[in-house]
Number of protein chains: 2
Amino acid sequence: MQKYEELLVALRQVIRAIDLYSKKLNKETGLTSPQLIVMQEIALCDGVTVKKIADNITLSSATVTSILDRLEARKFIIRQRSATDKRKVGVHLTENGHTALENAPKPLQEHFINRFEAMEEWEQTQMLATMQRVAKMMNAEDLDASPLLEVGQIQQPTLTS
Amino acid sequence: MQKYEELLVALRQVIRAIDLYSKKLNKETGLTSPQLIVMQEIALCDGVTVKKIADNITLSSATVTSILDRLEARKFIIRQRSATDKRKVGVHLTENGHTALENAPKPLQEHFINRFEAMEEWEQTQMLATMQRVAKMMNAEDLDASPLLEVGQIQQPTLTS
DNA sequence: ATTTTTTTGTTAGTATACGAACCATTCGTG
DNA sequence: CACGAATGGTTCGTATACTAACAAAAAAAT
């Protein structure tokens with residue numbers, strides 16, 4: 001098994017763990033991780049626009065809209081169209097939303113956070129740096145486009161069963 | 001901003017990059033990453049059961065079923081109920097599926113793989129180990145419901161063989 | 001032999017998550 | 001000022017991904 005495949009497996013496990021936790025959260029508190037994250041963002045900057053939220057948390061506007069739909073249906077947030085620029089929609093937490101947010105746990109497993117913070121400072125730094133590097137390597141896409149390649153290997157191994 | 005929050009941001013970026021690539025793949029080749037991974041699994045072991053696939057790639061059976069539905073609709077795979085144990089369903093690639101799989105690119109950005117493999121051996125190992133550690137820290141959940149100590153006797157699947 | 005439990009796969013319902021297409025609205029340029 | 005371009009948000013269609021509830025079959029227990 002190739003090393004990058006193992007990396008992919010580990011990555012899938014991480015993604016899955018995050019998803020499972022989000023679902024567990026939802027069952028227990030009625031809020032998912034993405035919903036919590038969006039609400040945190042609103043709490044941080046009342047009246048923030050949909051676009052801004054999307055940019056801040058690296059999601060598309062469409063996704064944020066659908067999350068906001070659910071939050072609005074449960075009266076955790078309200079939308080308010082801007083008067084000065086009628087394209088923009090400002091989002092606010094309701095009273096209800098504030099208390100929900102305050103009572104909610106963190107959007108990441110507490111025990112992961114505990115374990116992470118129990119590590120040595122340098123280890124935390126190291127882990128973060130590695131993750132950021134992976135992110136960069138995956139996102140580069142348009143940035144690098146040059147070095148270390150040049151090798152015209154476009155084919156794919158012919159699956160020797 | 002807490003360090004673990006930064007970690008979460010990086011993680012989200014990685015997840016997003018993987019998802020975006022999958023969607024790009026789908027547009028270009030008609031197959032998503034999860035579909036490719038499932039097909040690879042079938043190619044690796046013809047007639048494998050749904051459950052086995054799910055276990056191998058760490059997904060729920062329900063998810064695999066829905067992926068298989070789509071693959072079957074496009075005639076890339078066929079399902080065949082076992083005669084000896086009628087609960088089980090064996091999955092096979094069709095001729096069509098084989099060629100599709102052979103012509104498809106890897107389920108992870110080629111340029112990520114290139115960059116990964118361009119790293120020093122020890123760096124690859126280190127990156128992989130870090131990712132596995134994160135995965136383990138997130139999955140522990142049931143394993144270490146109690147102490148962080150108690151070192152000796154928790155028997156978890158050793159990833160390092 | 002009959003009942004209970006476990007295993008396997010599917011279906012239903014829900015929540016992300018995206019791009020593309022679509023409206024308004026606003027901005028920039030001629 | 002007017003008209004094309006850009007911006008902001010929503011809607012639509014699609015694909016993951018999960019749990020829970022189900023049905024059918026096989027295995028275990030009584």
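Reminder, nothing fancy here: chain letters follow the sequence lines and each chain counts from 1. What you see is a predicted model, and the numbers here were worked out from it, not measured in a lab.
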(message) Going by the rule side-chain hydrogen bond (donor to acceptor under 3.5 Å, both in side chains), which residues pair with Arg74(A) if we only count those two or more places apart in sequence or in a different chain?
(response)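 Arg74(A) satisfies side-chain hydrogen bond (donor to acceptor under 3.5 Å, both in side chains) with no other residue.
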For [X], answer base if it contacts any base atom (sugar-phosphate contacts may also be present), sugar-phosphate if it contacts only those atoms, and nothing otherwise; contact means non-hydrogen atoms under 4.0 Å.
{"X": "Arg79(A)", "answer": "sugar-phosphate"}
{"X": "Ser82(B)", "answer": "nothing"}
{"X": "Lys23(B)", "answer": "base"}

(request) Using chain B heavy atoms and a threshold of under 4.0 Å, write down where along DNA chain D the contacts begin and end, 5' to 3'. (result)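 Under 4.0 Å from chain B, the extent on DNA chain D is dA15(D) to dA26(D).
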(request) For Ser22(B) and for Lys86(B), locate the closest nucleotide of DNA chain D by heavy-atom distance; then report the residue assigned to the nucleotide nearer the 5' terminus. (result)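 So the residue in question is Ser22(B).
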[atom1] of [X] to [atom2] of [Y]: how many Å apart, nearest 0.5 Å?
{"X": "Lys27(B)", "Y": "Leu31(B)", "atom1": "NZ", "atom2": "CG", "value": "15.5 Å"}
{"X": "Ile18(A)", "Y": "Lys23(A)", "atom1": "CD1", "atom2": "NZ", "value": "12.5 Å"}
{"X": "Arg115(B)", "Y": "Met138(A)", "atom1": "CZ", "atom2": "CE", "value": "11.5 Å"}

(message) Need to verify one output field. Residue with the more 5' nearest nucleotide on DNA chain C, Thr58(A) or Val64(B)?
(response)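 Taking each residue's closest nucleotide, the earlier one in sequence belongs to Val64(B).
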(message) Which is more 5' along DNA chain C, the nucleotide nearest Asp19(B) or the one nearest Asn26(A)? Just name the residue.
(response)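 Upstream on the strand: Asn26(A).
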Please name all residues satisfying side-chain contact (heavy atoms from CB on, under 4.5 Å) with [X], sequence neighbours left out, ordered by chain then number.
{"X": "Glu120(B)", "result": "Trp122(B), Glu123(B)"}
{"X": "Ala62(B)", "result": "Ser60(B)"}
{"X": "Thr32(A)", "result": "Ser22(A), Asn26(A), Pro34(A), Gln35(A)"}
{"X": "Glu110(A)", "result": "Lys106(A), Asn114(A)"}

Tell me which donor-acceptor pairs under 3.5 Å the side chains of residues 2-10 of chain B have, and how far apart each pair is, sequence neighbours excluded?
{"from": "Lys3(B)", "atom 1": "NZ", "to": "Glu121(A)", "atom 2": "OE2", "distance (Å)": "2.9"}
{"from": "Lys3(B)", "atom 1": "NZ", "to": "Thr125(A)", "atom 2": "OG1", "distance (Å)": "3.0"}
{"from": "Glu5(B)", "atom 1": "OE2", "to": "Gln2(B)", "atom 2": "N", "distance (Å)": "3.2"}

(request) Output the residues of residues 68-78 of chain B in contact with DNA chain C, where contact means a heavy atom of the residue under 4.0 Å from an atom of the strand; sort by number or write none. (result)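 Per residue number, the list is empty: none.
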(message) I need the residues from residues 29-54 of chain A with at least one non-hydrogen atom less than 4.0 Å from DNA chain C; give them sorted by number, or say none.
(response)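 Per residue number, the list reads Thr32(A), Pro34(A), Gln35(A).
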(message) Could you report the tightest heavy-atom contact between Leu101(A) and Met39(A), atom names first, then the distance?
(response)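 Where Leu101(A) meets Met39(A) most closely, the heavy atoms are CD2-O, 3.7 Å.
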(message) Test: side-chain hydrogen bond (donor to acceptor under 3.5 Å, both in side chains). Region: residues 40-50 of chain B. Which pairs qualify, not counting sequence neighbours?
(response)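 Matches after skipping sequence neighbours: Glu41(B)-Asn56(B), Asp46(B)-His92(B).
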(request) Before accepting this row, confirm whether a basic side-chain N of the pair Asp69(A)/Arg79(A) lies closer than 4.0 Å to the acidic partner's carboxylate O. (result)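 Salt bridge flag = yes for Arg79(A) with Asp69(A).
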(request) Taking heavy atoms of chain B and a 4.0 Å limit, find me the 5'-most and 3'-most nucleotide of DNA chain C within that range. (result)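 Contact boundaries, 5' end first: dT7(C) to dA20(C).
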(request) Please name all residues satisfying salt bridge (Lys or Arg N to Asp or Glu O under 4.0 Å) with Glu95(B), sequence neighbours left out, ordered by chain then number. (result)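 Salt bridge (Lys or Arg N to Asp or Glu O under 4.0 Å) list for Glu95(B), sorted by chain: empty.
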